[in-house]
Engineer: 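Have a look at the structure that comes next, please.
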Amino acid sequence: MAKRKYNILLGVTGGIAAYKIPLLVRLLVQEGYEVKIILTESAENFVTQETLSVLSKNPVYTSFFNEKREWNNHVHLADWADIMVIAPATANTIAKMANGYCDNLLMATYLSFTKKVIVAPAMDAEMWEHETVRINLEQLKSRKNHLVLPVEYGALASGITGWGRMLEPQEIFYHVQKVLTKSEELVNKKVLVTAGATYEPIDPVRFIGNRSSGKTGIAISEELALRGAEVYLVHGNVTTSLPKHPDIKCIKASTAQEMYDACVEIFPNMNAAILAAAVADYTPVSMADEKIKKTDDIFQITLKKTKDILKTLGELKRKEQLLVGFALETNNVIQNAQKKLVNKNADMIFANQCTEENPAFNVEENELILLKKNNEIKNLGKHKKFKLAEKIVDEIVIALNTKNTS
Ligand code: CTP
């Protein structure tokens, strides 16, 4: 049973499978969800506005203006919905979604929508196999808020048997529920995340930094917020845009000391901390007040150790709090990460090896190994950073649930 009343925006496009959509609407409404529907012009050949309006108990939208010549505001529709489901999604609509076309109300709403989109494709077997359709589907799958459902094998409208049938309404309903349940996994949980690189100033214009983009920490923050957590993102310098989600509070901390101060202050009120920032291990003993002029051939800077945030939080940690660190190694990954897990009193370490094939910094993909306190080791594989963030947060959910029950 849905814990809260979710708003579902259902986009129906012009494929024969549209005749099954009234069943999906009935299942969603019976479950207590509020459903609004946008029909494309060609979908009206397969299913009527009247049927869908009666079942959804709402007017059905078909174009930018209703019969009273009033504007159907696509931005309001997108804001209203918690989730968008496009079923059936024809090859034509998939192509438009992949390329940003905006020639009907459904596409305008889709382009205004930033939350989770579930796509249930439906088409004939040849179309399903066509290279362009494959490319367009890959494009949609690579978007972090899209879930592209598979198709079924069976009898198709053209008379041939093959891949391309839309999933049955019951199965689409199951996926919608799964996504919405996931969005509640971390409700009432507060999580501190660190991300990006610290810059340690040498003089007013120079610093010691590193190549961290902040992508992993930011992707983790977004995934945590999507599952209902309140996130405190303490970030150093990042080369990617900061998250926009209203439940993520971004706190800038340029240096290792600033990041340390922010984390020590925030941590006591958190259920978990995930330290993904690349914090400088050393910082100049002092910063020159003026720009340093070049004089001698050799110039030396004296560095001192920074405070270890992970270690400090490990000392402060209460038993119900979860502490997660990262380890970037060039050799002996498991042994070195294991040492960090123990020395810093962390519950989990996500380790990666920095090699030519897996540079870890400033790349889209990464490969991670998870080490847990109970000596369990799990390879999460090589994935895009947002996919890895999903896997990391799956593990955090499990670990937090275990803490709560032990
Ligand atoms: N970390 C931290 N504070 C620091 C340095 C690192 O909180 N001053 C955190 C990182 O965010 C990461 C973990 O510690 O989660 C491991 O970072 P790493 O630099 O690999 O570990 P070190 O303990 O500094 O070990 P070494 O540099 O010797 O590998």
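Indexing begins at 1, ligand by ligand and atom by atom, following the structure's order.
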Engineer: Name every donor-acceptor pair, under 3.5 Å, that has one atom in a side chain of residues 162-174 and the other anywhere in the protein, sequence neighbours excluded.
Structural biologist:
from	atom 1	to	atom 2	distance (Å)
Arg165	NH1	Ala155	O	2.9
Glu168	OE2	Lys20	NZ	2.9

Engineer: For atom 7 (O) of ligand 1, what's the nearest protein heavy atom and its distance?
Structural biologist: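 Looking at atom 7 (O) of ligand 1, the protein heavy atom closest to it is Leu310 N, 2.9 Å.
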
Engineer: Starting from atom 3 (N) of ligand 1, locate the nearest protein heavy atom and write down its residue, its atom name and how far away it is, to 0.1 Å.
Structural biologist: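 Ranked first by proximity to atom 3 (N) of ligand 1 is Ile309 N, 3.0 Å.
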
Engineer: With side chain to side chain contact (heavy atoms under 4.5 Å, CB included) as the criterion, how do Glu222 and Phe386 come out once you've worked through the C-alpha distance, each side chain's angles and the decisive distance to 0.1 Å?
Structural biologist: CA-CA 9 Å; Glu222 286 173 330; Phe386 77 82; over 6 Å; no

Engineer: Starting from atom 18 (P) of ligand 1, which protein heavy atom do you reach first, and at what distance in Å?
Structural biologist: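 Checked against all protein heavy atoms, atom 18 (P) of ligand 1 sits closest to Lys340 NZ, 3.7 Å.
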
Engineer: Test Lys182 against Asp394 for salt bridge (charged side-chain N to carboxylate O under 4.0 Å, His left out), laying out the working first.
Structural biologist: CA-CA 10 Å; Lys182 248 189 167 187; Asp394 284 344; 3.5 Å; yes

Engineer: Write out the residue and atom name of the closest protein heavy atom to atom 24 (O) of ligand 1, then the distance separating them to 0.1 Å.
Structural biologist: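 Going by distance alone, atom 24 (O) of ligand 1 is nearest to Asp281 OD1, 3.0 Å.
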
Engineer: Compute the minimum heavy-atom distance from Ala256 to ligand 1 and say whether it is under 4.0 Å.
Structural biologist: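 It does not; every heavy atom stays at 4.0 Å or beyond.
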
Engineer: Go through the steps to decide whether Met84 and Tyr110 satisfy the test side chain to side chain contact (heavy atoms under 4.5 Å, CB included), and finish with yes or no.
Structural biologist: CA-CA 8 Å; Met84 196 165 174; Tyr110 166 74; 3.9 Å; yes

Engineer: Give me the nearest non-hydrogen protein atom to atom 23 (O) of ligand 1 as residue plus atom name, then the distance to 0.1 Å.
Structural biologist: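 Ranking protein heavy atoms by distance from atom 23 (O) of ligand 1, first comes Lys344 NZ, 2.4 Å.
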
Engineer: Looking at Lys340 and Glu329, does any basic side-chain N land under 4.0 Å from a carboxylate oxygen?
Structural biologist: yes

Engineer: List every atom of ligand 1 that sits less than 4.0 Å from any heavy atom of Leu275, numbering the atoms from 1 in the order shown and giving each element.
Structural biologist: 7 (O), 11 (O), 12 (C), 15 (O)

Engineer: Taking the non-hydrogen atoms of Lys311, is any one of them nearer than 4.0 angstrom to ligand 1?
Structural biologist: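 Under 4.0 Å: no for Lys311.
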
Engineer: Looking at atom 14 (O) of ligand 1, would you say a protein heavy atom lies below 4.0 Å from it?
Structural biologist: yes

Engineer: Report yes if Ala327 has an N/O atom closer than 3.5 Å to an N/O atom of ligand 1; otherwise report no.
Structural biologist: no

Engineer: Are Glu138 and Arg134 ion-paired here, with the side-chain N under 4.0 Å from a carboxylate O?
Structural biologist: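 Answer for the salt bridge query: no.
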
Engineer: Is Lys387 salt-bridged to Glu390, going by a charged N under 4.0 Å from an acidic O?
Structural biologist: yes

Engineer: Can you tell me the protein heavy atom closest to atom 16 (C) of ligand 1 and the distance?
Structural biologist: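 Ranking protein heavy atoms by distance from atom 16 (C) of ligand 1, first comes Phe326 O, 2.7 Å.
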
Engineer: Count the heavy atoms belonging to other residues, nucleotides or ligands that lie under 6.0 Å from CD of Glu320, then report whether that count exceeds 12.
Structural biologist: yes

Engineer: How close does the nearest protein non-hydrogen atom get to atom 10 (C) of ligand 1, and which residue and atom is it?
Structural biologist: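 Checked against all protein heavy atoms, atom 10 (C) of ligand 1 sits closest to Ala277 O, 3.5 Å.
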
Engineer: Would you say ligand 1 has an N or O under 3.5 Å from any N or O of Val279?
Structural biologist: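 Not met; the criterion fails.
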
Engineer: Taking the six-membered ring of Tyr260 (Phe, Tyr or Trp), confirm whether the NZ or CZ of Lys307 is under 6.0 Å from its centre and within 45° of its axis.
Structural biologist: yes

Engineer: For ligand 1, which atoms have a heavy atom of Gly325 less than 4.0 angstrom away?
Structural biologist: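 Taking each heavy atom of Gly325 in turn, ligand 1 has 15 (O) under 4.0 Å.
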
Engineer: State which residues pass ring pair (Phe, Tyr, Trp, His ring centres under 6.0 Å) with Phe207; sequence neighbours excluded, sorted by chain then number.
Structural biologist: Tyr199

Engineer: Any idea which protein heavy atom is nearest atom 8 (N) of ligand 1, and the distance to it?
Structural biologist: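 I find the closest protein heavy atom is Lys307 O, 3.0 Å.
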
Engineer: Taking only heavy atoms of Thr306, which atoms of ligand 1 are found under 4.0 Å from at least one of them?
Structural biologist: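 What qualifies from ligand 1 is 8 (N).
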
